[in-house]
Protein chains: 2
Amino acid sequence: MLTRSEEDHIKAVHALLEVGGSASTTEVAERLGTKASSVTVMLKKLADKGLMKHEPYYGVKLTAKGKAAALMLVRKHRLWETFLVDRLGFGWEEVHEVAEQLEHVRSTKLIDSLSEYLGNPAFDPHGDPIPDRNGRFPSRSTVLLTDCPLGAAIRIAAVQDGSDGLLQLLNRKGIGIGMELAVAARQEFDGSVDLQPAKGATITLSAMVAAHLLVEATGTKAKSSH
Amino acid sequence: MLTRSEEDHIKAVHALLEVGGSASTTEVAERLGTKASSVTVMLKKLADKGLMKHEPYYGVKLTAKGKAAALMLVRKHRLWETFLVDRLGFGWEEVHEVAEQLEHVRSTKLIDSLSEYLGNPAFDPHGDPIPDRNGRFPSRSTVLLTDCPLGAAIRIAAVQDGSDGLLQLLNRKGIGIGMELAVAARQEFDGSVDLQPAKGATITLSAMVAAHLLVEATGTKAKSSH
DNA sequence: ATTATTTTTTAGGCTTGCCTAATCTTTATT
DNA sequence: AATAAAGATTAGGCAAGCCTAAAAAATAAT
């Protein structure tokens, strides 16, 4: 059985491999608020347990077993976030820390019951996909708002790596998951994007914010720019 | 801030003081599955933190601060049990272990939201009272089934210290919290009790089982024995 | 290519929370 | 009251996880 610290390390490695393709000792340490030396020892231990492949000085990869463990943690984390927001009325910027604790509770029955109770949601309040009990992700074709053609009709699908500050900013601008908009303009100068809701004022997002937003194209075809 | 182990010790001490009036080092150790020597050290540490009064060789008492901490743990435990049974469909004999983990999650907002979500229940699925956020218990006058006069009309209020085995036995006999019955007979020989539901066959409980059942008198007056 | 820098690993310590074994202290027994 | 038994505490160890400092390896810069 895994300790809490072991679970944290697996989750950190998995998250880093997801985005960057590599998970360095230092990066893992930063993410966990520990030191590289501690991480080295821990990764070695997890490698001995068969959860990772660790080539000293060359980084780590997760084994199938390690990946399954990571996905189960992601599943638990996102289901609890969904519970906190949908049922207990938390704001989406408040849930991370609590979910971080809840995800370590060990009970298969609990997590499967929770999923069912919530209606087996496929996406969490931030729009991130929730793996099913076999570790399979729901499929969906999304693209970064940054890469969206001008005039495209889109739906906000997810906020990637949303810090509390970013989520609060989106709250203030009135942007939420599932919201439908059109890409009205993009400023060459600073990369900022203007979004037009069906009704109401245009919303301007900086390039920095846009780079965190995953969107999916809606049925409506993109208009050519004018 | 308290560690998980510290919380476990406080809870054990509180539980022992509740029933027996005293909490010996050995009893605490048995309850936690550790050794008396470890408990001694831990209690001393908690005393240093101002949560207990520890007179070596003479036992411990909880300070106001310690008692508040214990009550908050009881509150969390019982609210989670209620959630598991009422919302996720767990059986009342399955919830203890999971609640044991959930009770250590730290978030005032979480527990208050959960309570509200559940309708601020005053009693958990075993009939045990749930302290409010200020540590106050709901009041109710109950008596052990063992001490109930013959002929009394009663309602099952709670199961005290119900092991999984006991709870399963009660399941099989069809006894549940809130059930209304009359005390139909008591056998001198073995102390067993016959209970008569409004409809259906008489249920016989051994003295050992009856000693775990807390009941409250219902409106109906007790008939004299015949 | 050699040196400098950055990154990773190893070595040695510290704290927490547990253990066993030995030493009190209190309580029971004779 | 003296001794035996039971219970509590202290002493010394051990594993987990973290740390700092030093050594080793990989990468970057001259």
Side-chain angles (χ1 to χ4, degrees), chain A residues 1-17 19-62 66 69-70 73 100-101 103-104 106, chain B residues 1-17 19-62 66 69-70 73 100-101 103-104 106:
Chain A
M1 216 192 17
L2 300 176
T3 66
R4 182 174 171 149
S5 173
E6 287 168 346
E7 288 187 341
D8 285 336
H9 281 78
I10 289 174
K11 222 184 104 184
V13 167
H14 177 258
L16 288 166
L17 292 178
V19 294
S22 82
S24 76
T25 306
T26 314
E27 282 171 320
V28 173
E30 271 169 16
R31 188 171 268 258
L32 297 178
T34 61
K35 298 294 176 179
S37 55
S38 307
V39 172
T40 299
V41 176
M42 200 59 172
L43 295 190
K44 194 180 162 200
K45 184 174 158 192
L46 288 168
D48 289 347
K49 283 197 178 189
L51 293 151
M52 299 180 174
K53 221 86 200 175
H54 185 214
E55 310 259 6
Y57 291 103
Y58 280 91
V60 284
K61 282 189 296 187
L62 290 174
L73 287 166
E100 202 75 20
Q101 297 180 64
E103 78 190 2
H104 292 289
R106 255 174 272 275
Chain B
M1 217 195 14
L2 300 177
T3 65
R4 182 175 171 148
S5 173
E6 287 168 345
E7 287 187 341
D8 285 336
H9 280 79
I10 289 174
K11 223 185 101 184
V13 167
H14 177 258
L16 288 165
L17 292 178
V19 295
S22 80
S24 74
T25 306
T26 314
E27 283 171 320
V28 173
E30 271 168 15
R31 188 171 269 258
L32 297 178
T34 62
K35 298 294 176 177
S37 56
S38 307
V39 172
T40 299
V41 176
M42 199 60 171
L43 295 190
K44 193 179 164 204
K45 183 174 158 192
L46 288 168
D48 289 348
K49 284 198 176 189
L51 293 151
M52 299 180 175
K53 221 86 199 173
H54 184 213
E55 311 258 9
Y57 294 102
Y58 280 90
V60 283
K61 282 188 297 187
L62 290 174
L73 287 166
E100 202 75 20
Q101 297 180 62
E103 77 190 2
H104 293 289
R106 254 172 272 274

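Chain A is the first sequence line, chain B the second, and so forth, proteins listed ahead of strands; every chain is numbered from 1. In this text, all values refer to a predicted model and were calculated from it rather than measured experimentally.
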Taking CD from E7(B) and C1' from dT16(C), how many angstroms apart are they, rounded to a whole number?
16 Å

When you compare the side chains of D8(B) and H104(B), does any donor N or O come within less than 3.5 Å of an acceptor on the partner?
yes

Atom-to-atom span, CZ of R4(A) to P of dA15(D) - whole angstrom:
25 Å

How is S5(A) classified with respect to the nucleic acid when contacts are heavy atoms under 4.0 Å: base, sugar-phosphate, or nothing?
sugar-phosphate

Counting the atoms with a prime plus P, OP1 and OP2 as sugar-phosphate, which does T40(B) contact under 4.0 Å by heavy atoms, base, sugar-phosphate, or nothing?
base

Tell me what S37(B) touches on the nucleic acid: a base, only sugar-phosphate, or nothing, going by heavy atoms under 4.0 Å.
base

Atom CG of D48(B) to atom P of dT9(D): distance rounded to whole Å?
13 Å

Which whole-number value in Å describes the distance from E6(B) CD to dT16(C) P?
9 Å

Closest heavy-atom pair, H54(A) versus T40(A), reported as atoms and distance to 0.1 Å, is CE1-O, 4.3 Å

Over all atoms of both residues, closest heavy-atom pair of V28(B) and H9(B):
CG1-CD2, 4.2 Å

Just the rounded figure in Å: distance from C1' of dT9(D) to OH of Y58(B).
14 Å

Nearest whole angstrom, please: distance from the C1' of dG17(D) to the CG of L43(A).
13 Å

Give the nucleotide from the list dG17(D), dA25(D), dG7(D) with an atom nearest to the side chain of Y57(A).
dA25(D)

Quick check: closest heavy atoms across L2(B) and A69(B), and the distance to 0.1 Å?
CD1-CB, 4.4 Å

Compare side-chain N and O positions of H54(A) against OP1 and OP2 of dT8(C) and report whether any pair is under 4.0 Å apart.
no

Protein-nucleotide distance (D8(B), atom CG; dT16(C), atom P), rounded to Å:
17 Å

Among dA8(D), dC19(C), dT10(C), the one nearest any side-chain atom of K35(B) is dC19(C)

E55(A) CD to dA25(D) P: how many Å, rounded?
15 Å

Shortest non-hydrogen pair, A70(B) vs I10(B), comes out as CB-CG2, 3.7 Å

Which is true for S38(B) with a 4.0 Å heavy-atom rule: it touches a base, it touches only sugar-phosphate, or it touches nothing?
base

Measuring to OP1 and OP2 of dG17(D), would you say a side-chain N or O of H9(A) lies under 4.0 angstrom away?
no

